[in-house]
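Data first, discussion second: the structure below is written as structure tokens.
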Amino acid sequence: MKDSSIHEQMRQEWRDKTLFEQASRYAFSYMDGVCDRSVYPEPAAIANLDRFDEPLPVHAQPGEAVLALLNDHGGPATVAQTGGRYFGFVNGGVIPAALAARWLADAWDQSPALYVSSPIAAKLEQVCERWLRQLLDLPDDTAAGYVSGSSTATLCGLAAARHEVLNRLGWDVNANGLFGAPPIRVIVSDQAHSSVFKALALLGLGKDRIEKVPADDQGRIRGAKIPSLDERCILMLQAGNVNTGAFDAFEEICDRAAGSGAWVHADGAFGLWAKASNSRKYLLAGAEKADSWSVDGHKTLNTPYDCGIVLCRHRDALVAAMQASGDYIQTSNDRDGMMYVPEMSRRARAVDLWATLKYLGRDGVGALIDGLCDRAAQFAERLAVHQFQILNEVVFNQVLVACATPAQTRETLSAIQACGTCWCGGTMWKGEPAIRISVSSWQTTEEDVERSVDAFVRARPSPD
Ligand SMILES: *Cc1c(COP(=O)(O)O)cnc(C)c1O
């Protein structure tokens with residue numbers, strides 16, 4: 001049969017590469033401008049997104065036209081978080097070598113479900129697993145699953161916990177579900193990240209039947225208030241509070257849990273990388289004693305997005321919880337990635353992570369983390385000079401800021417969000433509004449901090 005015109009067009013585009021050259025040109029021009037443009041898109045650029053509200057096209061069109069539309073109307077409406085002055089959420093920057101490796105891997109378009117479906121993806125998953133154990137000081141044979149982010153990583157860690165705790169009580173949750181199962185106790189700080197409550201709800205563990213433990217003034221779980229633990233318990237700890245950056249007291253709490261048979265999961269979405277920093281690893285003392293951990297590449301490690309990792313010291317429990325079967329599944333003695341995650345097909349995420357770790361090395365990860373923390377400390381110091389209140393102990397990359405009154409804080413925050421010089425999110429801290437600064441990109445320089453502090457001063461309304 002003769003090619004249809006769309007097949008002919010695709011063959012042509014695959015062969016002559018102009019489409020890809022065009023995409024690189026757009027990307028290069030974006031990269032050139034991103035440090036100087038408005039950090040948040042201008043209102044006109046956002047209004048212009050209406051351009052995308054069109055009916056589903058009937059006929060094929062040239063790839064160039066599709067890319068041009070995306071570049072011309074999409075690019076200006078992006079948030080410039082790969083520049084140096086975006087401090088929202090804990091959204092990380094992106095390391096050039098990791099981004100470039102991802103481009104290459106995108107051309108490969110691999111499926112890492114099984115070894116047989118992509119030997120290279122399987123190899124890099126395995127290498128990253130070993131490197132992560134070394135970098136994060138985790139026990140031998142700790143297993144890694146590569147997922148979309150920490151929300152899913154926490155879901156997987158808790159699924160492994162649920163499976164193992166019930167298994168030890170003689171109950172097979174995969175076969176029998178939770179109906180009639182021996183009750184599990186889940187113990188969580190009232191400062192746990194919202195994704196933890198989502199995971200508990202998805203797993204049928206109930207957001208409202210958990211035992212909540214109060215946190216201290218920095219958002220750390222109060223060790224003395226943790227109820228007595230036993231083999232029915234899953235205890236959630238946190239490495240990096242999303243507001244203050246504070247770390248729970250792992251050493252003491254994990255030691256207590258160890259004697260009781262409780263499972264400890266550590267949510268270390270952005271904080272777990274502190275292990276690579278000689279000056280900050282004290283924050284994680286004892287964290288290696290947990291049973292499972294979740295961490296993101298796309299936050300403080302600055303990999304491209306879609307890089308979350310679940311780590312579990314009980315390989316069999318994780319694999320059992322992610323149980324997968326099917327007659328056509330060809331397993332091997334090599335790594336089959338789908339055994340460790342909920343999905344079968346997914347991007348070969350380990351490529352970006354491998355490139356990041358290979359490029360930075362242990363020292364480079366340490367320097368990256370130290371840089372974020374040093375810039376956060378600089379922010380706090382400079383803002384205090386200008387009579388802003390710093391609400392947290394700045395131990396990591398997070399700074400919580402308030403003005404003299406809640407109304408002033410709110411006004412300052414909305415002026416900052418509109419100013420274009422930098423962008424910060426807001427939060428409630430101890431019942432009052434606060435501005436959250438999260439230094440999460442390698443791009444942020446001392447000068448970026450100075451310019452942003454000036455923006456804070458300009459944004460603050462005069463007292464009257
Ligand atoms: C960001 C974050 C999460 C969720 O991670 P995603 O990658 O966005 O799914 C969970 N816990 C903490 C502490 C976080 O900062």
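All values below were derived from every heavy atom in this structure, side-chain atoms included, with hydrogens, water molecules and symmetry-related copies excluded. Residue numbers start at 1 and run along the sequence shown. Indexing begins at 1, ligand by ligand and atom by atom, following the structure's order.
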Is there a side-chain contact between Gln218 and Asn392, using heavy atoms and a 4.5 Å cut-off? yes
Can you find a heavy atom in the side chain of Trp263 that is under 4.5 Å from one in the side chain of Leu158? no
Can you name the residues that form a side chain to side chain donor-acceptor pair (under 3.5 Å) with Asp454, not counting sequence neighbours? none
Qualifying salt bridge (Lys or Arg N to Asp or Glu O under 4.0 Å) pairs, either residue in residues 241-258, two or more places apart: Glu251-Lys289, Asp255-Lys289
Does Asn397 have any side chain to side chain contact (heavy atoms under 4.5 Å, CB included) partners at least two apart in sequence or in another chain, and if so, which? Val90, Phe270, Thr300, Leu372, Ser438, Ser440
Are Arg222 and Asp190 ion-paired here, with the side-chain N under 4.0 Å from a carboxylate O? no
When you check ligand 1 against the protein, what N or O pairs turn up below 3.5 Å? List the atom names and distances, or just say none.
{"unit_1": "ligand 1", "atom_1": "5 (O)", "unit_2": "Asp296", "atom_2": "OD2", "d": "3.2"}
{"unit_1": "ligand 1", "atom_1": "5 (O)", "unit_2": "Lys299", "atom_2": "NZ", "d": "3.3"}
{"unit_1": "ligand 1", "atom_1": "7 (O)", "unit_2": "Ser150", "atom_2": "N", "d": "3.0"}
{"unit_1": "ligand 1", "atom_1": "7 (O)", "unit_2": "Asp296", "atom_2": "OD1", "d": "3.0"}
{"unit_1": "ligand 1", "atom_1": "7 (O)", "unit_2": "Asp296", "atom_2": "OD2", "d": "2.7"}
{"unit_1": "ligand 1", "atom_1": "7 (O)", "unit_2": "His298", "atom_2": "NE2", "d": "2.9"}
{"unit_1": "ligand 1", "atom_1": "9 (O)", "unit_2": "Ser150", "atom_2": "N", "d": "3.4"}
{"unit_1": "ligand 1", "atom_1": "9 (O)", "unit_2": "Ser151", "atom_2": "N", "d": "2.9"}
{"unit_1": "ligand 1", "atom_1": "9 (O)", "unit_2": "Ser151", "atom_2": "OG", "d": "2.6"}
{"unit_1": "ligand 1", "atom_1": "11 (N)", "unit_2": "Asp267", "atom_2": "OD1", "d": "3.2"}
{"unit_1": "ligand 1", "atom_1": "11 (N)", "unit_2": "Asp267", "atom_2": "OD2", "d": "2.8"}
{"unit_1": "ligand 1", "atom_1": "15 (O)", "unit_2": "Lys299", "atom_2": "NZ", "d": "3.0"}

